[in-house]
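Structure, as structure tokens:
Quick caveat: nothing in here was measured; it's all calculated off a predicted structure.
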Amino acid sequence: SQQVVSQAGKFTSASQVLVAKNGETAAAATITITTGSSADIAAGKGTQQEISVAAGSDGEISLQDVASAINGGDYGVKASLISDKTGSVRLSLTGEDTGAASAFKIDVAATAGTADAALSNLNFDPSGTSGNYTVNSAAQDSLMKLNGVEITRATNTISDAVEGLTFTLKATTTDSDGLSTATSLT
């Protein structure tokens, strides 16, 4: 029998609306992206990369500037902008890979000599309260039980558990006898 307990997932989150406080703007900022498992990030063991962001032609750093900076490199995270029902724009962040080791932390700070309290609203830490973000899905490995044996992988395709078979996990099941699983075998 087989049971899909959980599917591998990408870490995704969306920010609250970025609102400048007291008209403060920044000419430059540094974004630090830390990737790894949530436990490694909490322990300070994740991989850190820094991105410099300069103000646009209007002298301010916009969410588009932040998204473009994140998308301009290989940081393990992709950014997009989403307009909500009120017309406000939010920054949405998605890990590029599935699996528990694909969580991320974002720290945004204005460069010395500039100030922008609104940029700190973009900080995100998966191990603490993420007050300015809504976590939509967690970074997690897939977990499948096959004849009572737990099999965990970072993806939803398992090709090395049973010789000659590939399991593609398509949905989480609660039926342990395998009768209604959404797993395809090849």
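The backbone N or O of K45 sits nowhere less than 3.5 Å from a side-chain atom of D40 that would complete a donor-acceptor pair.
Annotation: side chain of T94 is not in contact with side chain of V77 (no heavy-atom distance under 4.5 Å). I158 places none of its side-chain heavy atoms less than 4.5 Å from the side chain of T166. Between I151 and F167 there is no side-chain heavy-atom pair separated by less than 4.5 Å. Contact annotation: the side chain of E50 never approaches that of I31 to less than 4.5 Å [non-hydrogen atoms, C-beta and beyond]. Taking 4.5 Å as the limit, some side-chain heavy atom of L169 sits within range of a side-chain heavy atom of M144.
Counting only residues at least two apart or on different chains, the salt bridge (Lys or Arg N to Asp or Glu O under 4.0 Å) pairs with a member in residues 69-79 are K78-E96.
The line from OG1 of T155 to CG of D97 is 10.5 Å long, rounded to the nearest 0.5 Å. Put simply, OG1 on T98 and CZ on R153 are 12.5 Å apart, with the number rounded to the nearest 0.5 Å. Atom CZ of residue F104 and atom CD1 of residue I33 lie 8.5 Å apart, to the nearest 0.5 angstrom.
Partners of E163 by side chain to side chain contact (heavy atoms under 4.5 Å, CB included), not counting sequence neighbours: none found. S68 meets the side chain to side chain donor-acceptor pair (under 3.5 Å) test with Q64; sequence neighbours excluded.
Residue I51 is tested with T30, I70, T32 for a side-chain contact (heavy atoms from CB on, under 4.5 Å); the sole match is I70.
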